[in-house]
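For reference, the structure discussed in these notes is given below.
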Amino acid sequence: QRGDTDRKSVVFIDLDGFKDVNDIYGHEVGDALIVIIAGALRDNVPKDGMLARMGGDEFAMTIGGDNAEALASAFAGFVLDYLHSPIIVGERSIHIGASIGIASGTLVECTSTELFRRADIAMYHSKITGKGRVTHYDAELNNVRERRLAIEGQIRHGLEHNEFDVWYQPIIDARSQKMVGVEALVRWPRRPQGPLAPDEFITVAETSGLIYGLGQFVLSRACQDLEPYTDLKLSVNISPAQFRDPEFEAKVEGALALSHFPPTRLQLEVTETYVLENPERARSAINNLKAQGIAVALDDFGTGYSSIGYLRRFNFNTIKIDKSLAGLVDHDEQASALVSGTVRIATALGMTVVAEGVENEKQMKLLRLAGCDQLQGYWYSQPMPIEAIMALRQQRQC
Ligand code: C2E
Ligand code: CA
Ligand code: CA
């Protein structure tokens with residue numbers, strides 16, 4: 001007789017690199033590959049186990065009983081072994097991997113929904129720690145969660161105790177090589193536990209709602225800092241979460257009014273994540289901002305789905321080609337071609353094109369040749385406090 005005290009295991013499998021297969025070989029090959037893999041998984045599900053396809057390239061196997069965990073592990077091991085050799089689809093031999101997470105417990109400890117969630121968290125951990133591996137959900141992953149909670153508390157404390165600063169990175173006109181603007185980047189130098197990079201705390205701020213306060217701080221401080229330098233534009237990063245706030249446009253207007261900063265000197269950078277999730281709200285927010293005279297840039301172009309289609313649909317003023325793509329122009333022909341193509345289309349649509357992550361002279365020249373309007377990167381300057389930026393500018397002009 002089965003009961004709530006039975007152990008259950010969930011194995012969550014997410015293929016690595018499946019999107020590339022679709023992109024490179026086309027959907028028919030992708031579909032055929034899924035069918036082959038699904039068949040192999042099904043043939044190797046342990047007795048009493050159940051296999052389900054969860055989404056495009058995700059599978060889950062659930063199993064109960066005293067040996068549930070061992071059987072789940074063995075199955076995960078089989079999957080990795082199986083994917084170790086290339087899979088033959090028609091005349092092609094395709095290499096593909098998988099990131100796997102396993103969670104186990106009794107239904108007394110947690111619901112099956114919770115078990116799936118844990119397996120998914122464990123799978124995600126496999127993904128971000130190098131893929132092609134199995135992670136068992138355990139206290140270690142809970143620690144990650146706890147660390148996030150701690151950082152949340154620290155951000156709250158930091159906002160109240162003036163621990164954050166805003167630094168700036170020059171944006172350079174590709175033709176004249178003069179500084180035409182700056183991008184504001186948040187810094188946390190006075191965190192009592194030691195400085196932390198924005199990549200590490202912005203996501204925590206986003207998931208906890210603290211990004212509203214932090215974002216407002218960055219915007220206000222940046223407007224104050226830049227207000228006197230009337231020939232420079234200011235570009236500020238906005239998280240998708242901020243954009244979701246129905247009051248967002250009003251808050252921006254308020255910050256501008258307080259610092260007497262003209263809207264026409266401000267540009268907001270948004271990533272496509274938000275635009276993809278909420279096309280309707282995104283479109284109206286972008287239009288409202290543009291009606292105030294504020295420019296809107298699509299940030300990190302080249303890192304996600306990056307469809308040229310959004311560029312048209314959302315009327316961005318600017319697109320920023322991400323450093324992970326722009327930085328490849330000096331040694332990767334494909335990347336170089338992608339950049340040139342993007343620039344041509346964006347330019348034809350009347351948008352300004354900025355390339356990020358320029359680290360050497362060769363990249364600078366190639367990006368300029370490709371038609372980028374503005375350039376940004378360590379080759380010109382690291383992000384620095386406003387005084388340092390202005391000193392650098394004066395020095396370069398002499
Ligand atoms: P991002 O918007 O893509 O910002 C550019 C990042 O690239 C900055 O990192 C900058 O220091 C770095 N960078 C600039 N030039 C180069 C280069 O030549 N080579 C390399 N390798 N890197 C370069 P940072 O300041 O650590 O910020 C990381 C990310 O954190 C930003 O990426 C942005 O997504 C986010 N972020 C930073 N400040 C804010 C903020 O105030 N609000 C929000 N929402 N996000 C922010
Ligand atoms: Ca940015
Ligand atoms: Ca970027």
Side-chain angles (χ1 to χ4, degrees), residues 151 155 158-159 163-172 179 181-189 195-226 233-245 248 251-252 255 266-274 295-304 306 316-330 352-364 366-367 372 374-386 388-389 392:
I151 293 176
I155 297 174
L159 281 171
E163 291 171 13
F164 292 97
D165 282 341
V166 181
W167 283 18
Y168 302 90
Q169 186 176 41
I171 299 174
I172 309 290
M179 193 191 302
V182 295
E183 175 175 357
L185 295 156
V186 68
R187 292 292 180 267
W188 196 358
L196 205 61
D199 280 331
E200 294 200 59
F201 65 81
I202 291 284
T203 46
V204 179
E206 281 172 346
T207 48
S208 59
L210 288 162
I211 193 68
Y212 296 120
L214 190 61
Q216 198 64 13
F217 160 77
V218 172
L219 181 64
S220 307
R221 173 64 61 81
C223 287
Q224 274 167 32
D225 282 351
L226 264 294
K233 300 239 170 155
L234 167 65
S235 205
V236 177
N237 292 287
I238 300 297
S239 290
Q242 282 172 277
F243 230 71
R244 246 171 246 140
D245 176 3
F248 178 65
K251 285 182 182 165
V252 173
L266 181 65
Q267 171 164 275
L268 301 180
E269 300 187 5
V270 300
T271 55
E272 66 188 359
T273 327
Y274 177 76
V296 183
L298 179 64
D299 201 2
D300 295 350
F301 190 86
T303 55
S306 300
F316 291 104
N317 301 87
T318 303
I319 97 166
K320 298 193 73 172
I321 302 180
D322 193 67
K323 52 186 175 297
S324 61
L325 179 61
L328 295 177
V329 286
D330 53 341
T352 302
V353 181
V354 185
E356 293 186 335
V358 182
E359 291 185 352
N360 58 53
E361 188 171 10
K362 191 173 173 202
Q363 290 173 347
M364 181 275 279
L366 286 169
L367 289 163
C372 295
Q374 296 172 357
L375 305 171
Q376 196 182 339
Y378 294 166
W379 196 67
Y380 292 104
S381 167
Q382 301 251 348
M384 297 190 293
I386 188 72
I389 291 285
L392 177 82

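Just so you know, ligand 1 is whichever comes first in the structure, and atom 1 is the first atom listed for that ligand. Every heavy atom of this structure was used, including side-chain atoms; hydrogens, water molecules and symmetry mates were not.
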Exercise. Provide the number and element of each atom of ligand 1 under 4.0 Å from a heavy atom of E359.
Key: 17 (C), 18 (O), 19 (N), 20 (C), 21 (N)
Quiz item: Backbone, side chain, both or neither: what part of Q382 comes under 4.0 angstrom of ligand 1, heavy atoms only?
Solution: neither
Quiz item: Does even one non-hydrogen atom of K320 get within less than 4.0 Å of ligand 1?
Solution: no
Exercise. Test side-chain hydrogen bond (donor to acceptor under 3.5 Å, both in side chains) on S235 and E269 and set out the steps.
Key: CA-CA 7 Å; S235 205; E269 300 187 5; 2.8 Å; yes
Quiz item: What N, O or S atom of D299 is found closest to the Ca ion (ligand 2)?
Solution: OD2
Exercise. Work out whether the distance between some heavy atom of E206 and some atom of ligand 1 is less than 4.0 Å.
Key: no
Quiz prompt | 4.5 Å side-chain heavy-atom contact, D165 and P385 | solution = no
Exercise. Looking only at distances, please establish whether an N/O atom of ligand 1 is found under 3.5 Å from an N/O atom of N237.
Key: yes
Practice problem: Please determine if K323 has a nitrogen or oxygen closer than 3.5 Å to a nitrogen or oxygen of ligand 1. | Solution: yes
Exercise. Decide salt bridge (Lys or Arg N to Asp or Glu O under 4.0 Å) for E359 and K323; before the verdict, give the C-alpha distance in whole Å, the side-chain angles of both, and the deciding distance to 0.1 Å.
Key: CA-CA 9 Å; E359 291 185 352; K323 52 186 175 297; over 6 Å; no
Quiz prompt | Structural part of I202 in contact with ligand 1, heavy atom criterion under 4.0 angstrom | solution = side chain
Exercise. Could you tell me which non-hydrogen atom of S324 sits nearest to which non-hydrogen atom of T303, and how far apart they are?
Key: OG-CG2, 3.5 Å
Quiz item: What N/O/S atom of E269 gets nearest to the Ca ion (ligand 2)?
Solution: OE1
Practice problem: Report, in ascending order of atom number, the atoms of ligand 1 lying under 4.0 Å from any heavy atom of G377. | Solution: 15 (N), 18 (O)
Quiz item: Hey, do the aromatic rings of F164 and F201 have their centres closer than 6.0 Å?
Solution: yes
Quiz item: Is the shortest N/O to N/O distance between V186 and ligand 1 below 3.5 Å?
Solution: yes
Quiz item: Under 3.5 Å, is there a donor-acceptor pair linking the side chains of Q374 and K320?
Solution: no
Practice problem: Take N317 and Q267 through the side-chain hydrogen bond (donor to acceptor under 3.5 Å, both in side chains) test and state the conclusion after the steps. | Solution: CA-CA 9 Å; N317 301 87; Q267 171 164 275; over 6 Å; no
Self-check item: Beyond-backbone contact of T318 with V353, side-chain heavy atoms, under 4.5 angstrom
Solution: no
Self-check item: Minimum heavy-atom distance N237-A184, with the two atoms named
Solution: ND2-O, 3.3 Å
Quiz item: Do the side-chain N and O atoms of D225 and Y168 include a donor-acceptor pair separated by under 3.5 angstrom?
Solution: yes
Quiz item: With only distance considered, is R187 within less than 3.5 Å of ligand 1 through an N or O on each side?
Solution: yes
Exercise. Scan side-chain atoms only and decide if Q363 and W379 contain a donor-acceptor pair under the 3.5 Å cut-off.
Key: no
Quiz item: Looking at ligand 1, does A197 have a heavy atom less than 4.0 Å from it?
Solution: no
Report all side-chain donor-acceptor pairs from residues 213-224 shorter than 3.5 Å, counting only partners two or more places apart or in another chain.
residue: Q216; atom: NE2; partner: K251; partner atom: O; Å: 3.4
residue: S220; atom: OG; partner: Q216; partner atom: O; Å: 2.9

Exercise. Could you list the atoms of ligand 1 found under 4.0 angstrom from a heavy atom of D300?
Key: 3 (O)
Exercise. Pull out every atom of ligand 1 sitting under 4.0 Å from any heavy atom of D199, numbered as shown with elements.
Key: 28 (C), 29 (C), 30 (O)
Quiz item: At a 4.0 Å threshold, what atoms of ligand 1 neighbour a non-hydrogen atom of S239?
Solution: 44 (N)
Self-check item: Contact atoms of ligand 1, heavy-atom distance to P198 under 4.0 Å
Solution: 24 (P), 25 (O), 26 (O), 27 (O), 30 (O), 37 (C)
Exercise. Please state whether the separation between the Ca ion (ligand 2) and some N/O/S atom of S235 is under 3.0 Å?
Key: no
Quiz prompt | Numbered atoms and elements of ligand 1 in range of Q169, under 4.0 angstrom, heavy atoms | solution = 14 (C), 15 (N)
Practice problem: Show your working on side-chain hydrogen bond (donor to acceptor under 3.5 Å, both in side chains) between Q382 and Q169 and close with a plain yes or no. | Solution: CA-CA 6 Å; Q382 301 251 348; Q169 186 176 41; over 6 Å; no
Quiz item: Within less than 4.0 angstrom of ligand 1, does G215 place any heavy atom?
Solution: no
Practice problem: Output the list of atoms in ligand 1 that are nearer than 4.0 Å to some heavy atom of D299, sorted by atom number. | Solution: 2 (O)
Exercise. From the options L214, V218, I211, T271, select the one whose nearest heavy atom is closest to atom 41 (O) of ligand 1.
Key: V218
Practice problem: For residues L366 and D330, report the shortest heavy-atom separation together with the two atoms involved. | Solution: CD1-CA, 3.6 Å
Quiz item: Can you tell me if E183 has an N, O or S atom under 3.0 Å away from the Ca ion (ligand 2)?
Solution: yes
